[in-house]
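Please read the structure below before turning to the comments.
Numbers here are sequence positions counted from 1. Order of appearance sets the numbers: ligands from 1, and atoms from 1 within every ligand.
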Amino acid sequence: MKCRVCKAPAFIKLPAHNTAFCPQHFQEFFLRQVERTIKKYRMLPPGAKVAVALSGGKDSLVTALVLKLLGYQVWGFFIDLGIEENDFSAASRRAVEEFCSRENLPLEIFSLKEHFHKTISQLALREKKTCALCGVTKRHLMNEYALKIGAYALATGHTLDDMAASLLANLFRWDLHYLSKGLPHLPPEPGFARKIKPLALQGEREILAFAQLHEIKPVEAACPYAREAKFKRYKAALDMLEEKSPGIKRYFYEGYTRHAHRFREETARPPMMSCLVCGFPSVSPICTFCRTWREEEARQRMAKKEPECYNGHKSFEDEVEKCKDG
Ligand code: AMP
Ligand code: FES
Ligand code: ZN
Ligand code: ZN
C-alpha cells in the first residue's frame, strides 16, 4: 500500500480510516486527529497548562508528547506505588524520568513510601481489592496535583480501546452512574479538577505507531496485580468486532458521547461532604484515600467526631469495613 498523500510506501495501514500513510504524513494525521478531539470536546484552550499523569506506559507518554507538540504546557506527574514485583514501579519511574528529561518536561514524583511509609505491595498483603484501592489512590493524588499546580486540566492516557471497553462493561452491568461519567471531558467541580482524555478516539495501533516513530521507550514490565481478566475479555470482544467492521469501536464510543447526558439525568450523586482529614469531597466522613494511607490520623479524627456516624456505623473499624465509597 501507498501513502494517501505522497504515494510513498506506506508505514502504517489504518483500516478504520480506510487509508495508509508514510511516517511523515502519519505524524501529521495523528496530531490533527488528536487536535480535533480536543476541539470537539472543548478540552483545552490554546497553550493551556495541563497536568499529565504519566504511568510509564506508551499511552500516557504519547499523550504528553502530543500535547507538547500541539503547543500546550505539559507538567508531568508520576506516582511511585512501590510495587516491587517485576521491578514494576522502579522500571516505570525510570521510563517516565528518561522521557521527561529527553523532552525537557517538568516532572513531579510522588512516592507512597516516602509520604506514608507504606506501599501498594504492602497493602496487597492484607487487601483483596488491591487494584480498586490503587485506583482510588491514583485518582486522589492526580486530582490533588492538578489543583495544586493550578492546571487547566488533568490529562490521562486512556485510549479508544479503554473507553470503548469500559463503556461495554458498564452497559452490561447497566451501571448508570459510571455510564454518566465515561466522557472524554469531565468539567471541574468543587474539589475536582477538570479531567480530559485526549487519546479517547485514538486506537491502539495508531498510538503504538506514533510511539515507535518518536522512539518512545515505555516500561515493559506489567503490574502483578493486573486488572481483572474480565476487562481484557471486553477488549478482545471489541477487537474481534473491529476486525470484521473496521471503525466500529470509534462509532460505538463516539455515539455514546452524544447520548451520555441521558444517563446523567438518571443518576443522582450520593451527598458529598468534606473528608475530616484531607478536606477533599467524600461520600463518608473520612475518604477511602485517608482511611487507606493515613490510618492513624483517620482514627484520631473519628474518635473526636463521636458520637454519631451518618451511616449508623458505630466505630472507626466499622467505617473502614462498611463505608466503602469506591
Ligand atoms: P490505568 O488505570 O493503569 O490503565 O492508567 C490509566 C491512566 O492513569 C494512565 O494512562 C495514566 O495517565 C494514569 N496513571 C496510571 N498509573 C499512573 C502512575 N503510577 N502515576 C501517574 N499516572 C498514572
Ligand atoms: Fe495499581 Fe496495578 S497499577 S494495582
Ligand atoms: Zn506520505
Ligand atoms: Zn481524605
Side-chain angles (χ1 to χ4, degrees), residues 1-14 19-30 32 53-57 59-60 78-93 95-96 110 112 115-116 119-125 127-144 147 156-157 162 191-192 209 213 219 221-229 231-232 272-302 305 316 319-320 323-326:
M1 275 195 87
K2 293 190 172 154
C3 170
R4 183 172 82 187
V5 185
C6 69
K7 313 293 177 224
F11 150 81
I12 183 171
K13 199 175 134 190
L14 298 172
T19 189
F21 292 108
C22 70
Q24 187 206 329
H25 290 119
F26 169 67
Q27 146 103 356
E28 288 171 14
F29 168 82
F30 190 82
R32 210 166 46 238
L54 300 170
S55 65
D59 304 337
S60 54
F78 172 72
I79 303 159
D80 186 336
L81 303 160
I83 298 177
E84 286 168 7
E85 299 87 337
N86 304 346
D87 196 30
F88 180 67
S89 289
S92 306
R93 182 176 176 149
V96 170
F110 186 102
L112 287 178
H115 281 82
F116 305 121
T119 63
I120 291 283
S121 296
Q122 282 161 302
L123 199 71
L125 295 175
E127 293 282 352
K128 273 186 244 123
K129 292 181 162 179
T130 311
C131 243
L133 283 174
C134 177
V136 169
T137 303
K138 289 193 284 198
R139 282 195 295 277
H140 182 99
L141 292 171
M142 292 190 265
N143 184 53
E144 204 173 45
L147 292 174
T156 49
D162 298 328
F192 292 109
L213 208 57
V219 61
C223 170
Y225 313 108
R227 286 251 207 106
E228 337 87 275
F231 193 69
K232 290 194 183 129
M272 280 285 177
M273 48 185 110
S274 289
C275 168
L276 289 169
V277 177
C278 68
F280 276 90
S282 168
V283 292
S284 54
I286 304 217
C287 74
T288 311
F289 180 86
C290 292
R291 283 201 305 269
T292 308
W293 300 104
R294 300 180 175 122
E295 272 174 300
E296 195 40 49
E297 246 176 298
R299 208 177 296 274
Q300 285 170 12
R301 288 301 283 135
M302 277 315 279
K305 198 201 164 278
F316 174 69
E319 280 292 317
V320 174
C323 273
K324 296 275 178 198
D325 63 3

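- When all heavy atoms of P281 and M272 are compared, the closest pair comes out as CB-SD, 3.7 Å.
- A pairwise comparison of heavy atoms in L54 and F78 identifies O-CD1, 3.1 Å as the closest pair.
- Taking the Zn ion (ligand 3) as the apex, the angle formed with ND1 of H25 and SG of C3 is 110°, to the nearest 10 degrees.
- Among the atoms of C134, none of the N, O or S atoms falls under 2.8 Å from atom 2 (Fe) of ligand 2.
- Looking only at side-chain heavy atoms (C-beta outward), C290 and R301 stay at 4.5 Å or farther from each other.
- Around the Zn ion (ligand 4), the angle linking C278 (SG) with C290 (SG) is 110°, rounded to 10 degrees.
- Taking a cut-off of under 4.0 Å to the non-hydrogen atoms of K138, the atoms of ligand 2 that pass are 1 (Fe), 3 (S).
- Within the listing of ligand 2, atoms 4 (S) sit less than 4.0 angstrom from a heavy atom of C131.
- An angle of 110° is found at the Zn ion (ligand 4) between C287 atom SG and C275 atom SG, rounded to 10°.
- Look at H140 and the Zn ion (ligand 4): no N/O/S atom of the residue is under 2.8 Å from the metal.
- Pairing each heavy atom of C287 with each of C275, the nearest pair is N-SG, 3.3 Å.
- Ring geometry, F289 versus H140: the interplanar angle falls under 30°, so the pair is classed parallel (tilted spans 30 to 60°).
- Inspection of the E127 and T130 side chains reveals no N or O donor paired with an N or O acceptor under 3.5 Å.
- Interface atoms of ligand 2 facing C223, defined by a heavy-atom separation under 4.0 Å, are 2 (Fe), 3 (S), 4 (S).
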